[in-house]
**Student:** 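What follows is a single structure, and I will ask about it in a moment.
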Amino acid sequence: MKQLLSHDFRRPPPKGGSSDQESIGSETKRSSVSSGSRSRLHKEFLSRFVDSQTLTARLEDWFELISEQSGKKKSAFDVPFELIELQKFDYALEGVSFQQLVRMPNAVYASTSDAAEATAYLAIEDFLHASVKGLWEAFWSQDDPIPFSVACLYNENLKFYQAEKAIGNGKLSGLGATGVLLNNPRHPHGKWDHVLELALLRPHIRSVAAGSDQKLSLSVLGEALFYALRMLLSRSLSKLNFSESPNCAYVLLVDSQYGGVVKVEGDVDKLEFDVYNVYDCSVDWIKKHCKVSVSPIDRIWNKLGNANWGDIGALQVLFATFHCIVQYAGMPKHSIEDLAADHGSRLQTRRVARQLGDSRVNGNGLFQFQQQSASPEIVEVPDESIKIKSEEFIMKLDVGSVLWLEDSDQQKGYQINDVVDNNELRYYIASPVKDPGKSLFLYVGSHPSQLEPAWEDMDLWFQVQRQTKILTVMRQKGLSSKYLPQLSASGRIVHPGRCQKPSSGGNCDHPWCGTPILVTNPVGETVADMVNAGRFGLDEAIRCCHDCLSALSTTSSADIRHGDIRPENIICVRSGVRHPYFVLVGWGHAILEDRDRPAMNLHFSSTYALQERKLCSASDAESLVYVLYFACGGALPDLDSVEGALQWRETSWSRRLIQLKLGEVSTVLKAFADYVDSLCGTPYPIDYDIWLRRLRRNIHDDDHGKQVGTSG
C-alpha cells in the first residue's frame with residue numbers, strides 16, 4: 001500500500017479524470033508533513049526542558065494549594081501501592097535472594113566529604129543492580145542475560161556514566177541521580193527513552209519518614225516531577241514498544257537509610273508543546289492531566305548499612321522496579337500470584353523443619369509452637385500479652401449473635417443462624433434483623449491493619465473485598481440473572497462501644513474497626529456437600545450444567561469470566577422455589593482485565609489456566625466439565641504439582657475418560673464435553689445459546705431422575 005501511494009504521487013492524474021487522486025495525495029502529504037512537524041516540535045520541546053529548578057519554582061502555587069487542601073493529612077497525595085498488593089508481592093519474594101555488594105554508609109550527609117558522597121552513589125548503584133538482578137531472575141528468566149544496566153546521571157549534559165568512571169573523571173559534584181537503563185552498546189551514555197526508573201539521592205528524605213510531622217518538600221517533589229516528565233516525553237518519541245503502561249514513570253527518593261516512591265501518570269499527548277514556554281506548559285499539564293502518587297518514606301537500610309530487603313520500605317522500591325521492568329520486558333514468565341501461591345507450602349516446610357508441632361489454628365487463632373527436640377536449650381515461652389491482642393482481632397460470631405454494618409450511610413443488622421466451614425474459609429448464614437424469615441450469606445473479611453496475616457487472609461480478601469468489587473461491577477453493568485449471586489449489602493462492621501476514628505478517615509483503635517463485610521443472596525447447598533451426601537443425580541447434573549452456563553453467558557457479555565469454578569462455588573437453591581436451581585458463586589477471582597489472574601486448582605482449573613495462568617474463551621466451561629465429572633462419580637487422582645495435573649488432563653481427554661463417565665449419565669453432557677474439548681486453548685468463543693437450548697430440552701421438572709453413583 002505504501003509503494004502504491006508513493007507511485008501515484010509521482011504520476012499526474014489522467015486527463016479528464018477525477019481530481020480525487022490528487023486530493024488524496026495532497027491530504028496524505030499534509031498528514032505526513034504534519035506528523036513530521038509534530039515529532040520535531042516534541043523533540044525541540046524536550047531539548048529545552050532541562051532545568052528542574054525552573055519547573056519547581058513555577059509549581060509553588062500548585063503545591064501550596066494541594067497542601068492546604070490536604071489539611072492535617074500526612075500526605076497530600078494518594079499512595080502508589082495498596083497494602084494488599086505489597087503483601088502479595090512480599091509473599092512472592094520469600095524465596096528470592098537479593099545481594100548488595102557495597103553497604104550504604106551510615107548518615108552519609110553527616111559529613112560533607114566527597115569520599116562519603118562517592119561511596120553513597122556506589123552503594124545506590126549496587127542496590128539497584130541487585131534489585132533488578134533478583135527480580136529478573138525470579139520473575140522472568142534465570143538463564144537469559146539481564147537486559148538492564150545501572151548508571152549515574154550527570155546534570156550538565158543529562159547523560160549517564162558508570163559511577164566509578166564519573167567519580168574518577170571528577171564529575172561527582174554534578175551527579176544528580178542514578179538510573180536503571182536498557183542495555184544499548186550503540187549508546188554507552190544512555191538514551192532517555194531507555195530509562196526504566198531514576199533514584200534521587202537526597203539528604204533530608206528521612207525528615208518526612210513515617211512518624212514525623214513534616215511533609216515532602218516542593219524542592220524534592222519538583223525535581224522528581226521534572227525527571228518523571230522527561231522520561232514520559234522521551235518515551236512518547238521512542239520507537240520502542242512499551243507493552244505495559246507507557247504513560248507511567250517511577251522516581252525513587254533515597255538517603256543513607258530511608259526511601260520512598262513517586263509515581264507519575266499522565267498522557268503527554270495532552271501537553272501543549274509550546275517550545276517558547278516549555279515550563280509553563282509543563283506546569284499546566286501537571287495540574288490538569290497528571291496524577292501524582294507518593295509512598296510513605298520508610299527505612300530501607302538499617303543502622304549498619306545493610307538493606308532490609310523484607311521490610312516495607314525496600315518492598316515499595318522493589319515493587320516500583322518490578323513495574324518498570326514490566327513496562328519494557330512485558331509480563332513476567334512467573335506471575336506474582338504464582339510465586340505467592342507457594343507461601344503456604346514454604347511456611348509449612350519451615351514449621352516441619354523446625355519441628356514446631358501441630359500447625360493448625362487453635363481456638364484462639366494462634367499457632368501452638370512446641371519444641372519437639374530433647375534439648376532444653378531453646379524453649380518457646382508463650383507471651384500472654386500477644387495472645388490477648390491476637391484474640392481481640394478474631395471476630396467470634398456464634399449462632400444467635402447479631403452483627404451490624406454500615407452500608408450507604410445506614411446501619412443494617414444481621415442475626416447469625418448458622419456457621420459454615422468448608423475446610424478453607426468460614427462464612428455464615430444470617431437473617432436481617434428487620435426480616436427474620438429471609439436467609440443470606442454473610443462473609444467477614446480480615447482486619448485491614450493486619451500487615452502480616454496468615455495466607456488464609458489472602459483468601460478472605462478475595463472472598464470479601466474482591467468479590468464485593470466484582471458484584472458491584474456486575475450491578476453497574478446491569479447484569480442480572482437468577483443464576484448469579486446478588487449483592488445484598490456491603491460495608492464496614494459497626495463495633496461495640498464508641499468509634500474514635502479520626503475525621504480525616506482511617507480506623508480507630510478498636511480491633512474490629514474497619515473490618516469489611518459482604519452480604520449476598522440467595523442461600524443454598526454447595527455441590528460438594530450434595531455429592532458427599534449422595535444427593536446429586538441426573539437431573540441435578542443437567543440442571544447444574546445449564547444454570548452455570550447461563551450465568552457464564554450473562555457475564556461473558558460484559559467480558560467478565562469466573563476463574564474459580566469448583567464444587568464449593570456452585571450452590572443449589574431449594575428454599576422458596578418450586579424447582580431447585582443452581583447459582584454460580586465465589587466471584588472473588590473473576591477476570592475483569594488482562595492483568596487479573598485466575599485461581600489455581602489442580603483438579604478443576606482449565607488446562608490453559610495451569611499452563612499460562614490466564615483464561616481462554618472456553619476455560620470456565622472446561623472447569624465446569626471437571627466439576628460435572630467429579631459430581632457424577634468420576635475419580636479424581638491425588639495431585640501435588642501442576643505438571644501432574646496437566647498430565648492427568650492429557651491422559652483423561654486423550655482416552656476420553658471424561659466423556660465416557662459423563663456419557664453414563666447423559667448423552668447431552670457427553671456431547672458438551674466433546675464440544676469443550678474441541679475448543680480448549682483456542683480463541684473461539686462458546687456458543688452458549690445452542691447448548692442452553694439443548695440442555696433445557698433435557699431438564700425434567702416433574703421427576704428427580706435416576707441417581708448417579710459417586711464411586712469411581
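Computed over heavy atoms, backbone and side chain alike; hydrogens, waters and symmetry mates excluded. Small disclaimer: the values here were computed from a predicted structure and weren't measured. By convention here, the first residue in the shown sequence is residue 1.
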**Student:** Just checking, any donor-acceptor pair under 3.5 angstrom between side chains of Asp529 and Thr526?
**Tutor:** yes
**Student:** Salt-bridge test for Asp596 and Arg466: reply yes if a basic N is under 4.0 Å from a carboxylate O, no otherwise.
**Tutor:** yes
**Student:** So, do Phe604 and Tyr626 have ring centers that fall under 6.0 Å from each other?
**Tutor:** no
**Student:** Under 3.5 Å, is there a donor-acceptor pair between the Ser431 and Asn417 side chains?
**Tutor:** yes
**Student:** Are the ring centres of Phe441 and Tyr428 closer than 6.0 Å?
**Tutor:**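 They do not qualify: ring centres at least 6.0 Å apart.
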**Student:** Checking side-chain polar atoms at under 3.5 Å, does Glu622 have a donor or acceptor matched by the opposite partner on Thr607?
**Tutor:** yes
**Student:** Determine whether the aromatic ring centres of residues Phe89 and Phe322 are separated by less than 6.0 angstrom.
**Tutor:** yes
**Student:** Output yes when Asp564 and Arg566 qualify as a salt bridge under the 4.0 Å nitrogen-oxygen rule, no when they do not.
**Tutor:**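 Yes, charged N to carboxylate O under 4.0 Å.
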**Student:** Go through it in stages, so that I can follow the logic: the residues are Lys412 and Glu406, the test is salt bridge (charged side-chain N to carboxylate O under 4.0 Å, His left out), and I'd like the CA-CA distance, side-chain angles, deciding distance and then a yes or no.
**Tutor:** CA-CA 7 Å; Lys412 297 181 179 180; Glu406 285 184 328; over 6 Å; no
**Student:** If you measure from the Lys or Arg side-chain nitrogens to the Asp or Glu carboxylate oxygens, is any gap between Glu337 and Lys88 under 4.0 Å?
**Tutor:** yes
**Student:** Output, in order, the C-alpha distance, side-chain angles, deciding distance and verdict of ring pair (Phe, Tyr, Trp, His ring centres under 6.0 Å) for His589 and Phe462.
**Tutor:** CA-CA 6 Å; His589 286 277; Phe462 280 107; 3.9 Å; yes
**Student:** Assess whether a salt bridge exists between Arg656 and Asp674, defined as any Lys/Arg side-chain N lying under 4.0 Å from an Asp/Glu carboxylate O.
**Tutor:** yes
**Student:** Which residues pass the side-chain contact (heavy atoms from CB on, under 4.5 Å) test with Arg475, not counting sequence neighbours?
**Tutor:** Leu487
**Student:** For Asp421, I'd like to know if atom CG has over 12 heavy atoms of other residues, nucleotides or ligands within 6.0 Å.
**Tutor:**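 Yes.
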